[in-house]
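These numbers were taken from a predicted model, which means no experiment stands behind them. In what follows, residues are counted from 1 in the order of the sequence shown.
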Amino acid sequence: MSTVLVIGAGDMGERLAAGLAGHAAVRRLLLTGRSEATVTDAAVTVASGHDCLVEPLVLDAARTDDVASLLASRAPDLVVLCASRRGPWELIDRRDAAAEAVGSAGLALRLPYQLAVPLAVMRAVERTGYSHPVANLSFPDLTGPVLAALGLAPTLGLGNAGMIQLRARAAWRAEHPEAPAPPLIRVIAHHAQVFDVMRARPPARRDERARIYRDESGWRDDDLGYRAPALEPGVRYNHATAAAALPVLGALLPGARPLRCSTAAPHGLPGGYPVRIADRTVSLDLPAHVPVADALAFNQRSGRGDGVERIDADGTVHFTAAARTAVAGIAAELADPLRVDALDARAALLDEVLRRPQPQPA
């Protein structure tokens, strides 16, 4: 029986903890968070519904020393990273100028919020020699390749391409209600394409759509990803995120059966890809006629939709002209190239900009 460490007790952390607690192979869950009250409530909630030991632990996962101590003392079979400085939905209901500018620049501009915890955790993994899988839910399509540039890539990311795969499957099922089982569906896509898929809004340019491959032959059916009913952005997306992530996490447990799926950032690659998970090892599962270089190039181009122009060999992130234009009127320096050693300073600047008093309508 396995022990799983879930870092982060917010909405997604609790959802994934509950799903893992119901897995037959999981005996103990270590659920961590910065707030004792929050993590205790989440642990009690999860334990109340499942035959699993759920232990709440107070942890600041941005502190490498504290994470390393926990990894060394508890030796979990799987680490699931669901924590960030600020959640991706924090700006969803704000209509002030600063929030709208930061939001329109693309999620990459908020990388300082999303990268700090994965960076600390992966440094702890390196320091302790922890050798079991680490799955990352914190903006993996971008944090994964930045961490890979530092030699710190998690095993894989969660969500995004997996959510698109589920949407394509839902569309197929609606069109084939009597069929016994859906076909193999494989996805090459980036986080930047998730909202269009969830809202059933295919881009006018076909080369900007998520790539959907059906059957072993891998024939293209990109429109399938956009044919499920529309769902507007919000926390409801977390249902799809959890549904996509839980089978992946189950396949990373000891003794799990092999799984073919699509998921984000395997081994820190940009964007999401079809993978095969077997014996806790993750490998690409692209259709035979799709070169790896072509899939990588597509996701690198797609990342511009999140505001990413390029990532340097040292992990420095450069933002697109569109991202720079979006914040030019509130704080142009928010879109300066972002070095990994400048995360704290840039996060503080983001906080300051987003907390400024906003002018009131006349």
For [X], does the [atom1] atom have more than 12 heavy-atom neighbours from other residues, nucleotides or ligands under 6.0 Å away?
| X | atom1 | answer |
| --- | --- | --- |
| D51 | CG | no |
| R276 | CZ | no |
| R34 | CZ | no |
| D207 | CG | yes |

Test your reading of the model: is there a side-chain donor-acceptor pair from [X] to the backbone of [Y], 3.5 Å cut-off?
| X | Y | answer |
| --- | --- | --- |
| Y226 | P203 | no |
| T143 | L115 | no |
| R211 | V187 | no |
| T3 | D77 | no |
| T32 | L59 | no |
| E36 | V58 | no |
| R209 | D223 | no |
| T320 | E309 | no |
| R260 | D285 | no |
| Y273 | P270 | yes |

When clusters are formed by joining ILVMFWY residues with side-chain heavy atoms under 4.5 Å apart, either directly or through shared neighbours, do [X] and [Y] land in the same one?
| X | Y | answer |
| --- | --- | --- |
| L78 | V67 | no |
| L252 | L284 | yes |
| I7 | V54 | no |
| L107 | M12 | no |
| L259 | M163 | no |

Looking only at heavy atoms, which two atoms of [X] and [Y] are closest? And how far apart?
| X | Y | answer |
| --- | --- | --- |
| L166 | A240 | CD1-O, 3.9 Å |
| N136 | P118 | OD1-CG, 4.0 Å |
| L16 | A242 | CD2-CA, 4.0 Å |
| H190 | S302 | CB-CB, 3.7 Å |
| P140 | L158 | CG-O, 3.5 Å |
| V248 | I277 | CG1-CD1, 3.9 Å |

Fit a plane to each ring of F195 and W89, take the angle between them on a 0 to 90° scale, and name the class: parallel (under 30°), tilted (30 to 60°) or perpendicular (over 60°).
parallel
Measuring from [X]:[atom1] to [Y]:[atom2], what's the distance to the nearest 0.5 Å?
| X | Y | atom1 | atom2 | value |
| --- | --- | --- | --- | --- |
| R85 | L343 | CZ | CG | 6.5 Å |
| L334 | R346 | CG | CZ | 7.0 Å |
| I164 | R169 | CD1 | CZ | 14.5 Å |
| Q114 | L142 | CD | CG | 9.5 Å |
| I188 | L269 | CD1 | CG | 11.0 Å |
| D344 | L349 | CG | CG | 12.5 Å |

Would L249 and V4 count as a side chain to side chain contact (heavy atoms under 4.5 Å, CB included) if you check the C-alpha gap in whole Å, the side-chain angles of each, and the deciding distance to 0.1 Å?
CA-CA 10 Å; L249 297 175; V4 179; over 6 Å; no
Does the side chain of [X] reach to within under 4.5 Å of the side chain of [Y], using non-hydrogen atoms?
| X | Y | answer |
| --- | --- | --- |
| V79 | H132 | no |
| I92 | V235 | no |
| W172 | R214 | yes |
| F139 | D306 | yes |
| P76 | Y130 | yes |
| Q165 | T263 | no |
| R86 | L350 | no |
| L119 | L152 | yes |

Sorted by chain and number, sequence neighbours left out, side chain to side chain contact (heavy atoms under 4.5 Å, CB included) with P291 holds for D294
Decide whether H239 and R15 meet the rule of one side-chain donor and one side-chain acceptor closer than 3.5 Å.
yes
Testing the 3.5 Å rule here: is there a donor-acceptor pair between the side chains of D314 and T316?
yes
Pair S283, T281 - check side chain to side chain contact (heavy atoms under 4.5 Å, CB included), show working.
CA-CA 7 Å; S283 57; T281 298; 5.6 Å; no
Hey, are E175 and R227 close enough for a salt bridge, meaning a charged N less than 4.0 Å from a carboxylate O?
yes
NZ or CZ of R186 within 45° of Y213 ring axis and under 6.0 Å:
no
Could you give me the CA-CA distance, side-chain angles and deciding distance for E100 and R94, then say whether salt bridge (charged side-chain N to carboxylate O under 4.0 Å, His left out) is met?
CA-CA 7 Å; E100 291 196 342; R94 286 182 54 172; over 6 Å; no
Are L30 and R74 close enough, and set up right, to give a side chain to side chain contact (heavy atoms under 4.5 Å, CB included), and what steps lead you there?
CA-CA 9 Å; L30 309 175; R74 306 303 293 268; 3.5 Å; yes
Go through it in stages, so that I can follow the logic: the residues are E90 and L354, the test is side chain to side chain contact (heavy atoms under 4.5 Å, CB included), and I'd like the CA-CA distance, side-chain angles, deciding distance and then a yes or no.
CA-CA 11 Å; E90 283 202 0; L354 290 170; over 6 Å; no
